[in-house]
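Below, all heavy atoms of this structure are taken into account, side chains as well, without hydrogens, waters or symmetry copies. Treat the numbers as computed from the prediction; the structure is a model and nothing was measured.
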Amino acid sequence: GEMASGKSVHPKSTLMVLMNNIPKVLTIEELWSVLRNRAPIIKRGGIEYIELSNIDIKVLAINKSKAIWARPRYIIRHKSPEKLVKIKLSSGREIIITQDHSLIVMDSSKRLRVTRPLDVRDDEYLIGISSIEIPKVNKNVVMKLLVELLNKQGISLYKKNSKLESYRAINEHNELYIVDKDVDIYIPLESLLRPEFGYLLGFFVSHSHSYDVSILEIEKHELRQHLEQLLMDLGFRYSINTLKSLNNMISKLFKVFLVVNDSNKRLPDITWTMGKEWIASLLLGIIDSNSYVDKDCIKIELRGNEFLHELLYAFSILNIYPFIEVKNGNSHDKYILSIPQHCIEKFNKYLPETLRSRISKLINERNICKSLDNDNEIVLEKVKSIEVVESDVDYVYDIEVPYLENFEVNTVFVHNTTLLNALASMLPPSWKIVTIEDTPELRLPHIGWKPLVARHVYSLAEAKTEIGLFD
């Protein structure tokens with residue numbers, strides 16, 4: 001089989017990044033695909049990497065017990081070894097990494113050390129992130145992204161009575177409308193940026209995979225009145241005779257905001273530009289429509305691994321750290337997201353007045369306690385199991401963050417390639433340096449650098465040609 005090349009993570013590992021100061025949530029494989037269009041791929045000694053010095057990108061890393069945004073130097077791709085390691089944590093989170101990947105662990109005495117996955121001890125913890133600070137994106141930038149998103153999905157915008165041909169007058173966005181002239185429905189574009197729209201989106205996302213809105217079919221009179229009042233607050237212009245057509249238009253809008261492939265939901269990039277109030281309202285809508293209380297937790301059922309991790313990041317923005325249960329089905333895994341009841345009051349910090357009454361209603365109806373938990377940025381995650389598994393992918397990926405030497409995937413921090421890169425970069429540039437590695441990972445800026453790599457063989461016939469690290 002292939003030699004295990006590199007200390008890397010599974011391609012479906014999810015991470016949050018800032019690109020041009022705009023937050024995005026995507027898999028590390030998707031990140032590679034985005035970056036390869038912005039910088040050349042460099043091939044050396046069985047690995048591929050992209051230098052990121054000229055790209056405005058940041059990833060989450062841990063520095064002195066705080067989560068910060070840090071600039072990575074490289075993203076790296078290797079052929080996957082035959083075996084990987086799956087680590088399951090007490091919260092239900094998982095990471096899949098190569099056997100030689102380093103991990104940051106903390107013991108019961110709060111001492112940090114770097115170790116390999118198969119060497120993690122019973123009394124040690126991995127470090128998870130419970131609070132993420134995202135930058136506030138300029139409103140004009142958000143509006144421009146929104147117009148582009150709508151146009152891509154074939155939804156036309158109108159300015160007063162004329163169709164908008166191009167997004168020129170950004171300062172006049174309050175005059176733009178999504179229009180159905182046949183039934184005289186006008187939806188102000190700016191209303192999509194309001195938290196109330198985020199709530200409606202969250203409320204209906206839990207009901208079906210097609211996102212067909214059916215306000216008319218909601219049986220609870222009080223709930224239906226609440227949703228109709230939100231539409232009025234948002235400035236949706238319609239009459240009782242056009243409500244059915246309005247349902248169809250909102251369904252079309254929801255399909256713009258929510259990407260569905262093979263029953264897998266995804267939130268578009270623009271979600272992360274909307275701000276904490278909008279994201280909190282989106283989550284409240286999901287909780288309000290599709291949750292139940294069990295064992296002091298609010299539980300939400302959902303499908304789709306990518307959608308699960310997007311919601312984990314959304315909750316982390318509110319400093320909430322959910323637990324995950326996995327229920328295997330015949331075709332798709334079903335996930336249950338568990339949120340400690342006392343966290344529900346955290347929403348009040350971000351919600352508009354029109355939605356705060358929903359928090360009081362949740363607390364009263366479901367007997368939710370009100371005490372807040374702590375506001376730590378990181379949590380200690382007890383390792384539940386470590387399992388060597390067969391690789392199901394062609395490539396594995398890594399990110400190198402200078403000096404900090406760690407990054408985050410699936411809301412868990414992992415140690416990256418090596419501290420030696422950072423240390424070696426401080427050596428005088430005139431030095432001649434010879435390195436010998438089992439796996440080619442070092443990338444030194446020195447002109448006099450001579451990299452050597454051990455040669456492994458996997459048959460007795462070729463045993464005499466093997467060259468080890470100490471030969």
Quiz item: Which one of L312, I129, I317, L26 satisfies the side-chain contact (heavy atoms from CB on, under 4.5 Å) criterion with M16?
Solution: I317

Quiz item: If you measure from NE2 on H309 to NZ on K12, what distance do you get to the nearest 0.5 Å?
Solution: 12.5 Å

Practice problem: State which residues pass salt bridge (charged side-chain N to carboxylate O under 4.0 Å, His left out) with E133; sequence neighbours excluded, sorted by chain then number. | Solution: K276

Exercise. State whether the side chain of S291 and the backbone N or O of D288 hold a donor-acceptor pair below 3.5 Å, judged by distance alone.
Key: no

Practice problem: Verify whether one side chain among T14 and T27 offers a donor that lies under 3.5 Å from an acceptor in the other. | Solution: no

Exercise. Taking all non-hydrogen atoms of both residues into account, name the closest pair between R71 and V401 and its distance.
Key: O-CG1, 4.1 Å

Quiz item: Taking atom CG of L318 and atom OH of Y313, what is their separation to the nearest 0.5 Å?
Solution: 15.5 Å

Quiz item: Is a side-chain N or O of N20 found less than 3.5 angstrom from the main chain of I22, in a donor-acceptor match?
Solution: no

Quiz prompt | Pairwise distance OG(S289) to OH(Y199) - rounded to 0.5 angstrom | solution = 7.5 Å

Quiz item: Are side-chain heavy atoms of V34 and M19 found at a separation under 4.5 Å?
Solution: yes

Quiz item: Do S91 and E381 get their side chains close enough for a donor-acceptor pair, meaning under 3.5 Å?
Solution: yes

Practice problem: Test side-chain contact (heavy atoms from CB on, under 4.5 Å) on K450 and L452 and set out the steps. | Solution: CA-CA 7 Å; K450 179 68 175 176; L452 302 177; 4.2 Å; yes

Self-check item: CA sep, side-chain torsions, deciding dist, call: L84, V396, side-chain contact (heavy atoms from CB on, under 4.5 Å)
Solution: CA-CA 10 Å; L84 298 173; V396 287; 4.2 Å; yes

Quiz prompt | Nearest non-hydrogen partners of S90 and K384, listed with the distance | solution = N-CB, 4.2 Å

Quiz prompt | Steps toward side-chain contact (heavy atoms from CB on, under 4.5 Å) verdict (V137, N21) | solution = CA-CA 8 Å; V137 181; N21 214 40; over 6 Å; no

Exercise. Measure the acute angle between the ring planes of Y395 and Y397, then classify it against the limits of 30° and 60° as parallel, tilted or perpendicular.
Key: tilted

Quiz item: Y49 vs Y74 aromatic rings, parallel, tilted or perpendicular, using cut-offs 30° and 60°?
Solution: perpendicular

Quiz item: Does I97 reach the side chain of P117, with side-chain heavy atoms less than 4.5 Å apart?
Solution: yes

Quiz prompt | Among K79, R77, H78, side-chain hydrogen bond (donor to acceptor under 3.5 Å, both in side chains) partner for E48 | solution = R77

Practice problem: Hey, could you give me the CG/CG distance between N410 and L308, rounded to the nearest 0.5 Å? | Solution: 9.0 Å

Quiz item: Taking atom types as modelled, is there a side-chain donor on Y335 or N305 under 3.5 Å from an acceptor on the other?
Solution: yes

Quiz item: Yes or no on side chain to side chain donor-acceptor pair (under 3.5 Å) for T98 and S8, after CA distance, side-chain angles and deciding distance?
Solution: CA-CA 6 Å; T98 53; S8 306; 5.1 Å; no

Quiz item: Given side chains that start at C-beta, do those of L337 and F315 come closer than 4.5 Å, heavy atoms only?
Solution: yes

Exercise. Please report the shortest heavy-atom distance between L404 and I62, naming the atom on each side.
Key: CD2-O, 4.2 Å

Practice problem: Mark yes or no for whether S316, through its side chain, and N319, through its backbone, hold a donor-acceptor pair below 3.5 Å. | Solution: no

Quiz item: In this structure, are over 12 heavy atoms from other groups packed under 6.0 Å from N54 atom CG?
Solution: no

Quiz item: Looking at L284 and L355, what are the two nearest heavy atoms and their distance?
Solution: CD2-O, 4.0 Å

Quiz prompt | Check: W69 side chain, I57 main-chain N or O, donor-acceptor pair, under 3.5 Å | solution = no

Practice problem: Starting at CD1 of I75, measure out to CZ of R36 and round the result to the nearest 0.5 Å. | Solution: 11.0 Å

Quiz item: Which heavy-atom pair separates V393 from P11 by the least distance, and what is that distance?
Solution: CG1-CG, 3.5 Å

Quiz item: Just wondering, do I339 and I287 contact through their side chains at under 4.5 Å, heavy atoms?
Solution: yes

Quiz item: Going by heavy atoms in the side chains, are H101 and V414 under 4.5 Å from each other?
Solution: yes

Quiz prompt | L200 side chain reached by L230 side chain, heavy atoms, under 4.5 Å | solution = yes

Quiz item: Could you state the interatomic distance from CD (E408) to CD1 (I95), rounded to the nearest 0.5 Å?
Solution: 10.5 Å

Exercise. For T411, check side chain to side chain donor-acceptor pair (under 3.5 Å) against everything at least two apart and list the hits.
Key: R93

Exercise. Run the numbers on I127 and V412 for side-chain contact (heavy atoms from CB on, under 4.5 Å), then give the verdict.
Key: CA-CA 6 Å; I127 300 173; V412 178; over 6 Å; no

Quiz item: Can you list the steps and then say if E400 with R73 is a salt bridge (Lys or Arg N to Asp or Glu O under 4.0 Å)?
Solution: CA-CA 6 Å; E400 183 177 304; R73 180 179 292 166; 3.7 Å; yes

Quiz item: Below 4.5 Å, heavy atoms only, C-beta onward: do V141 and K144 meet side chain to side chain?
Solution: no

Practice problem: Taking all non-hydrogen atoms of both residues into account, name the closest pair between P23 and I134 and its distance. | Solution: CG-CB, 4.1 Å

Quiz prompt | Neighbour count above 12 (heavy atom, 6.0 Å) for K382 NZ | solution = yes

Quiz prompt | Min side-chain heavy-atom separation W278-F197 under 4.5 Å | solution = yes

